[in-house]
Amino acid sequence: MGHDTDSADHDFLAELRWRGLLHQTAGEEVARHVGQASTAPRIAYVGFDPTAEALTIGNFIQIKLLAHWQRCGHRPIVLMGGGTGLIGDPSGKSAERQLLDAERVAANVEAQRPTFARVLDFSESASNRAVILNNLDWLGPIGYLEMLRDVGKHFSVNQMIQRDSVAARLNSREQGISYTEFSYVLLQAYDFLHLFRTRSCTVQLGGSDQYGNIVSGMDLIRRMAGGEAFGVTTPLVANRDGTKIGKSERGAIYLDASRTSPFAFHQFWLNVADDEVGRYLRFFTFLDEAEVLELEAAHAAAPQERAAQRRLAALMTELFHGVGERARAELAAAALFSGDVRSLDARSLREVASELPGSVEERAALAGEGVPLADVLVRTALVTSKREAREFLAAGAISVNGERIEPEHRLTASDLLHGETTLLRRGRKHWHAVAWR
RNA sequence: GGGCGGAUACCGAAGUGGACAAACGGGACAGACUGUAAAUCUGUUGGGCUCAGCCCUACGGGGGUUCGAAUCCCUCUCCGCCCA
């Protein structure tokens, strides 16, 4: 099999197509512009909305779009919406957005930066190295009159109100749409124009909800610069049942270790459903088609091995958290899911415990009769009330250090691992580390 | 502006003076079985306690009638439908 993903003779659209990441293209002969080996390297951008300080695996698809672009020999631009983030894109939103203040947006832009470096090549030596730009740099200084006169002139309100995202809000009595959000498309179109003029950027990539914004930018480039530009969108990636990818019961999965621990991140991928794992491999990893097909075949032959999920989890964790964290996550997973935590040595135990939610308890409470387990449980995230704690205990859902215990169990010194920690578990998957001080 | 109907737990939805922390369905959580899967079966699903029992808070908000109110009355808010 060819590991030729870095070579420039790869066809970007074909790459997206087999992965199921190609939704629509916009522009005449887009395939010729971006596709073949014979064409010159092109420049494309994706806009990112800095409404959160951390990116989720949902955002990763868009970053990955740029990565494929780069691996096909083209040059990617990450456009942080420091300016547009102050306004808010109405696309795909059913309610008016909360406006963020400029400092918040600036902070988020900075916080997101390192995540991009994990996926894109920013090295000086690369001829097609990625760059990060912030549209506040050009949207900030622009004057209102200038915007209305030079850019607004080219937009027809008649067309703007036809757009689904706008029409839905216009027809909604409760929500409505503010003039601010209504005008959003001018800014994004202007971004594209600006990048076309200053960076020779001719392609905008994005999710399918960005199609309208992208086409508006292409129009503006034609009208104001007499140039030709193109757009490529990805489908909305969702699970087969229509639910959003990347939501666990604890909320979104972030790419940043401060929001989602490497262990939780690893677990997320490991728990992908059988009938989704093939799509996940295509969507999220850089494995080539032959490797994916091979993994799928292996998985179909022996689903209980979950080779596909393991590979997926390993690749993703390594990509965002590095080899060391991946190894730690795998070690922790092996110990926790076998339930065999007693055999861990002190160092491994500490590492495993550090991957889990934890709390600190008074060591003195363990003396003599000890402390009722239920009382300790309420202070963990495993249960929400003492009543619930009793319920789980009665149902046999709670184990201490990997072993089932009686509902009336009291924690004593004998429940300490290496004299310092007790690992509690609810059900199969929910762990909590108690440190005794 | 007028008329009618409605607001019940995470969601849908019963209940129309006491046996209601509230049927039923979905969801969620847990147990069994498994592969950290799916399906299936079982249980739980407001909070507290000295836990086969007791106590507190709850049926849109506020007030009232009554020994007793999710249920009756007044009022406010919001939603739906019809008429202007």
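In what follows, chains carry the letters A, B, and so on, assigned in the order in which the sequence lines appear, proteins first and then strands, with residues in each chain numbered from 1. Since the model is a prediction, treat every value here as computed from it, not as a measurement.
A cation-pi arrangement is not found for A/R118 relative to A/F320, the charged atom failing to lie both closer than 6.0 Å to the ring centre and inside a 45° cone about the ring normal. The side-chain tip of A/K64 points at the ring of A/F286 from less than 6.0 angstrom away and within 45° of straight on. Annotation: cation-pi geometry not satisfied between A/R328 and A/F263 (NZ/CZ under 6.0 angstrom from ring centroid, within 45° of ring axis).
The salt bridge (charged side-chain N to carboxylate O under 4.0 Å, His left out) test applied to A/R282 returns A/E296, not counting sequence neighbours. In this structure A/E305 satisfies the salt bridge (charged side-chain N to carboxylate O under 4.0 Å, His left out) test with no other residue, sequence neighbours excluded.
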Nucleotides 33-36 of chain B: which of its N/O atoms have a protein N/O under 3.5 Å away?
from  : atom 1 : to     : atom 2 : distance (Å)
B/G35 : N1     : A/D274 : OD2    : 2.7
B/G35 : N2     : A/D274 : OD1    : 2.6
B/G35 : N2     : A/D274 : OD2    : 3.3
B/U36 : OP2    : A/R428 : NH2    : 3.4
B/U36 : O2'    : A/N271 : OD1    : 2.6
B/U36 : O2     : A/Q267 : OE1    : 2.9
B/U36 : O2     : A/N271 : OD1    : 3.3
B/U36 : N3     : A/Q267 : OE1    : 3.0
B/U36 : N3     : A/Q267 : NE2    : 3.4
B/U36 : O4     : A/Q267 : NE2    : 3.4

Pick out the pairs of N or O atoms, protein on one side and nucleotides 42-44 of chain B on the other, that lie under 3.5 Å.
from  : atom 1 : to     : atom 2 : distance (Å)
B/U44 : O2'    : A/E391 : OE1    : 2.4
B/U44 : O2'    : A/E391 : OE2    : 3.4

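Distances shorter than 4.0 Å separate none of the side-chain N or O atoms of A/S385 from OP1 or OP2 on B/G46. Residue A/K386 places at least one side-chain N or O closer than 4.0 Å to OP1 or OP2 of B/C49.
Here, B/G63 and B/U45 have their P atoms 31 Å apart, quoted to the whole Å. With both ends at atom P, the span from B/G80 to B/G47 equals 33 Å, rounded to whole Å. Rounded to the nearest Å, the gap between the P atom of B/C67 and that of B/U50 is 37 Å.
With rounding to the nearest 0.5 Å, the separation of CZ in A/R279 from CZ in A/F284 is 9.0 Å.
Atom-to-atom, CD1 of A/I398 to P of B/A30 comes out at 10 Å; the value is rounded to the nearest Å. For the pair A/D375 CG and B/C49 C1', the computed distance is 12 Å after rounding to whole Å. In this structure, A/R426 atom CZ and B/U45 atom P are separated by 15 Å, rounded to whole Å.
Centroid-to-centroid, the aromatic rings of A/F60 and A/F283 stay 6.0 Å apart or farther.
Every pair passing ring pair (Phe, Tyr, Trp, His ring centres under 6.0 Å) that includes a residue from residues 104-123 of chain A is listed here, sequence neighbours excluded: A/F48-A/F116.
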Both distances under 3.5 Å, Watson-Crick or G-U wobble: on that basis, could you give the dot-bracket string for RNA chain B, with [ ] for crossing pairs and | for other-strand partners?
((((((((.[[[..)..(.....]]]((((((.......))))))((((...))))...[[[[[..)....]]]]]))))))).
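Side-chain atoms of A/Q204 and A/Q188 form a donor-acceptor pair, as typed in the model, at a separation below 3.5 Å.
Residue-level contact check: A/R425 touches neither bases nor backbone, having no heavy atom under 4.0 Å from any strand.
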